[in-house]
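Naming: A, B, ... by sequence-line order, numbering from 1 per chain.
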Amino acid sequence: MLDKTYRPSEVENRIYDSWERKGYFRPSGKPGAPTFCIALPPPNVTGSLHMGHALDHTIQDVLIRFHRMRGFNTLWQPGTDHAGIATQMVVERELAKSGTNLSRREIGREAFVERVWNWKSQSGGTIVRQMRRLGQSADWSRERFTMDDGLSAAVRRAFVTLYREGLIYRDKRLVNWDCQLQTAVSDIEVQQTEVDGKLWYLNYPIIELPGTYVTVATTRPETMLGDSGVAVHPDDERYRDLIGLHVDLPLVGRRIPIVADAYSDPEKGTGAVKITPAHDFNDFEVGRRHKLELIPILDGMGRVNENGPDNYRDLDRFEARKRIVQDLDELGLLVKIERHRHVVPHGDRSGTPLEPYLTDQWYCDAAKLAVEAIAAVEDGRTVFVPRAWENTYFEWMRNIQPWCISRQLWWGHQIPAWFAPDGQIFVAESEEEAFAEARRQLGPDVKLKRDEDVLDTWFSSGLWPFSTLGWPEQTAELAQFYPTNVLVTGFDIIFFWVARMMMLGLKFTRQVPFRTVYMHGLVRDERGQKMSKTRGNVVDPLELADEFGADALRLALLASTVQGRDVNFAPSRVEGYRNFVTKLWNAARFLELNGAKLNEQVDLTANQSAINRWIVGETMEMVDKVTASISDYRFNDATLSLYHFVWDTFCDWYVELAKPLLAGDNDEIKAETRATASWVLALTLRCMHPFAPYVTEELWDRLFGAPGGMLIQSEWPSASASLVDPEASRELNWVVRLVSAIRSARTEMNVPAGARLRLLAIGTDEKTRLWLEANQDAIFRLARIESIEANVQILPERALVVVVDDASFALPVGDVVDLDRERSRLAKEKEKLVIEITKLKGRLANEGFLAKASADTIEEQRRRLDDMQATFERLSEAERRIA
RNA sequence: GGGCGGUUAGCUCAGCGGUAGAGCACUCCCUUCACACGGGAGGGGUCAUAGGUUCGAUCCCUAUACCGCCCA
């Protein structure tokens, strides 16, 4: 027997183990079945599960479970990425704490990488375990890691291919350099952060005009050591005469030119701007236009290098700033300092200000790869849901910059490039190949040194949808599951994920990596604030799952997911869905107590009771709605349909209506009701399974046993029109309205809740009489009625009156009734009607409306008016009775 | 500066050319034999503002205000 409440903690692990052990997460491999595949955007191996993952993964699990039940040969490909910087940082931190006080450089590359692997094997699986906790049905037997042998081979193949086609090349350009981590990072790993800074105004003496100065304004005075020019706007009258002259760079003593360049904004600062081509992206361009010298003055740690004057050498960039400002001030060249709020690029891992830094790096020609990636979305080979995100994708793809793919790290895919002593580069998939080629060209004794750097993690992640399926080998899985069907991700990583996979996927497979990109919003707190540790508003999905159950968390997330919008997540909703799960549990418990048994062969069209015919139709409608909503990625609609069906339709009405049937003495009806109720519950469990997999599986097992196997691999229901009986639907809707009207009137008139009243139907027509008779037990019970008299001709005086459609019903209450109160109740109801009736009359008298509105609309409005007028008449009659 | 989204009940949000909805919160009643993680009944909204289109606008268009996000 089921307990009164469902206890998730006693169920979840057991069920999950059972699913996994029985291999239900694996592709069915059914011959002829259509395939459905999702590649999980691999979470960071150092990560732990946050609300964003919970939402992202739950959506994927709904799609996977839905398609699995619909008979697709389904694969959800999971795994993690090696997260170069993040993982290396974790292990370096551990190293620092370990007491040996050795840096990674001191223990050496090999030993360090070994440590990272050790860390990974011990602590790397957190997020994957947490995914299981939430019921995610990924095929763990196929779990992959971006550093696996196979995936590493894919990376080498991709790199070598792109290099040979000229799509990967080496270049000396400015990169975003992280001085703390001492590596380059890509544009999209840059966080633009607004900070309170200053604007320093500096005087540079003009050589040709002794005693005069040009004043430049800068947010980074320390970079002046690397200045190689001053720019003014060509149309700026103030500086016209200075163009072509030179200044004597203070503290350095370098002679640098004043050039005219439109980059200089006359409105900003003084209109004259110092140009440091080796330390600023804009200045780099200006410098190139005017052939200015590139003078790097900082080293990789952000310290002044040998190009700076001796007295600043080795000073940290921030220390150098202080000293330089001080020294300029002493020379009388510091004009003023203003407060200035501006945007400074920060590394999203280290959090330190990034330095534009001139180095040799490997680049990928993203612009060329983008061409096909753009075309594929333009021509609909890949479709975004919601569509609006395609614009963001296009905007970014069309302005894409060369992608810096090398990182000065040890953890990652080491770049398969070998340097000969003369600087010549040999790129090959293996060292042997590289040597073979080098020997051919440079003789047998050639010495090669492998590039120390590794590739951007996203380079390997970009191959994920096909490298996980075996590429570059032409495997059966690749043929079967690629292109994948849908990528589910948050819009915040549209550039990381979608863009890179599209470019590399099209390049290497000539096919799009996924046909649909479903973008969901970010999970924020209930006030719309981004969740962050510093704000302290982070909600832990695992804690919620522990407290309320994984199903409740999943339902709450799905119910909050509206297409194209962020999710403002209120934890109280989880409690609400915990209650919902309990409600379902108890509905099942009710069936269990009444001997429910599932018989899939039962002929529901033979049902005698309208109540049973009605709920079957309602169930069909629910199946339709849920199926359509999932297919359209409208998860909130699907969740709400289920919620409404289970709670309102099934529990509040059907179960209550069925009680008299089950308690009655008609064995045939009893059997029919048990069979129908069981059938409805079975379909409900199936439809709800993708959303709340645990409780549905448990109930399936407890109630229906498992002769046909587990719910996870049962068949998704299909709606059948032949099971919908419109007449039963009309009848039961009427019963619901009648009962509701009686309940309302009773409460409003303060009739004691327990009091049983007589119900007199006034001037009853045939249909009403039949309906009353057929549903009398239900009406007795639900409206607290003790007897029904049909066809009463005269309204009794001391009675409440309710009107349903064109029939009046009187509830004699004897002396307890307060006539004044009843009068005002009737008046209030009439008032509401009058407003609507006036509106409808006006509309129907409007010639424009009659001429232009559709016949259906006009007919509908007429019918509504007739109904309301009839009700109004009945209410007036009742009023006159007690006048 | 450019682009995108939002403004609907106390809160969080659905919706939509012709009847304004949900959950939570609130009020009143109920130890009715599945469930108090429950049942029943209620209160609460000039759908941001101003114009326009339309027979009819919360919904479509334009502008404004405010809020948020992305990019420079």
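Using bins of under 30°, 30° to 60° and over 60° for the plane-to-plane angle, the ring pair A:Phe580/A:Trp647 lands in the parallel bin.
For B:G3, neither phosphate oxygen OP1 nor OP2 lies less than 4.0 angstrom from any side-chain nitrogen or oxygen of A:Asn391. One finds a side-chain N or O of A:Ser744 lying less than 4.0 angstrom from the OP1 or OP2 phosphate oxygen of B:G42. Contact check, A:Arg843 against B:U19: a side-chain N or O comes under 4.0 Å of OP1 or OP2. Between B:U32 and A:Lys659, no contact under 4.0 Å exists linking OP1 or OP2 to a side-chain N or O. Contact check, A:Trp647 against B:G39: a side-chain N or O comes under 4.0 Å of OP1 or OP2.
When the P atom is used for both B:C37 and B:U19, the distance is 41 Å, rounded to whole Å. Taking atom C1' on both nucleotides, B:C16 is separated from B:C60 by 12 Å, rounded to a whole Å. Atom name C1', nucleotides B:C71 and B:C47: the rounded distance is 32 Å, in whole Å. Remark: the separation of the C1' atoms in B:U53 and B:U62 is 10 Å, to the nearest Å. Taking the C1' atom of each, B:U7 and B:A50 are spaced 15 Å apart, rounded to whole Å. Nucleotides B:A63 and B:G2 place their P atoms 13 Å apart, quoted to the nearest Å. Distance check on atom C1': B:G10 versus B:G5 gives 25 Å, rounded to whole Å. When the P atom is used for both B:G3 and B:C11, the distance is 32 Å, rounded to whole Å.
Atom CG of A:Asn846 is separated from atom P of B:A57 by 11 Å (rounded to the nearest Å). Spacing between atom CZ of A:Arg398 and atom C1' of B:G3 amounts to 14 Å, rounded to whole angstrom units. Whole-Å rounding puts the A:Phe849 CZ to B:A57 P distance at 13 Å. Distance CG (A:Leu844) to P (B:U19): 12 Å, rounded to an integer number of Å. Between A:Tyr577 atom OH and B:G38 atom P there is a gap of 14 Å when expressed in whole angstrom units. Between the CZ atom of A:Arg743 and the C1' atom of B:G39 there is a distance of 8 Å, rounded to whole Å. For the pair A:Arg578 CZ and B:G23 C1', the interatomic distance rounds to 15 Å; values are reported in whole Å. Regarding A:Ile835, its CD1 atom lies at a distance of 11 Å from the P atom of B:A20, rounded to whole Å.
Sequence order on RNA chain B of the closest nucleotides to A:Ser560 and A:Gln861 puts A:Ser560 first from the 5' end. Nearest-nucleotide positions on RNA chain B for A:Ala853 and A:Asn636 put A:Asn636 closer to the 5' end.
Note that the CG atom of A:Asp566 and the CG atom of A:Leu522 stand 5.0 Å from one another [nearest 0.5 Å].
Here A:Arg864 lies in heavy-atom contact (under 4.0 Å) with a base. Counting non-hydrogen atoms under 4.0 angstrom, A:Glu656 reaches a base of the nucleic acid. Counting non-hydrogen atoms under 4.0 angstrom, A:Ala587 reaches a base of the nucleic acid. A:Lys4 comes within 4.0 angstrom of the backbone, heavy atoms only, and of no base.
In this model, a donor atom of one side chain and an acceptor atom of the other lie less than 3.5 Å apart for A:Thr857 and A:Ser854.
B:C60: Watson-Crick or G-U partner is B:G52, with both key distances under 3.5 Å. Pairing for B:C26 goes to B:G42, judged as Watson-Crick or G-U wobble with the two contacts each under 3.5 Å. With a cut-off of 3.5 Å on both Watson-Crick or G-U wobble distances, the partner of B:C37 is given as none. Nucleotide B:C4 forms a pair with B:G68, judged by Watson-Crick or G-U wobble geometry with both contacts under 3.5 Å.
Not a single donor-acceptor pair, N or O on each side, falls under 3.5 Å between the base of B:A72 and the side chain of A:Glu395.
A:His50 has its side chain out of reach of A:Val538: every pair of non-hydrogen atoms, C-beta onward, lies at least 4.5 Å apart.
If you check B:A34, B:C29, B:U19 against the side chain of A:Asn586, the one that comes closest is B:A34. Relative to the side chain of A:Glu860, the nucleotides B:G39, B:A34, B:U19 differ in distance, and B:U19 lies closest. When distances run from any side-chain atom of A:Val655 to the nucleotides B:C35, B:C29, B:A34, the shortest one goes to B:A34.
Aromatic ring centres of A:Tyr518 and A:Phe384: separated by at least 6.0 Å.
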Can you give the donor-acceptor pairs under 3.5 Å from side chains of residues 866-875 of chain A to other protein atoms, not counting sequence neighbours?
{"residue": "A:Thr871", "atom": "OG1", "partner": "A:Asp867", "partner atom": "O", "Å": "2.9"}
{"residue": "A:Arg874", "atom": "NE", "partner": "A:Asp806", "partner atom": "O", "Å": "3.3"}
{"residue": "A:Arg874", "atom": "NH2", "partner": "A:Asp806", "partner atom": "O", "Å": "3.1"}

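Remark: A:Lys659 qualifies as a cation-pi partner of A:Phe590 under the 6.0 Å distance and 45° angle criteria applied to the six-membered ring.
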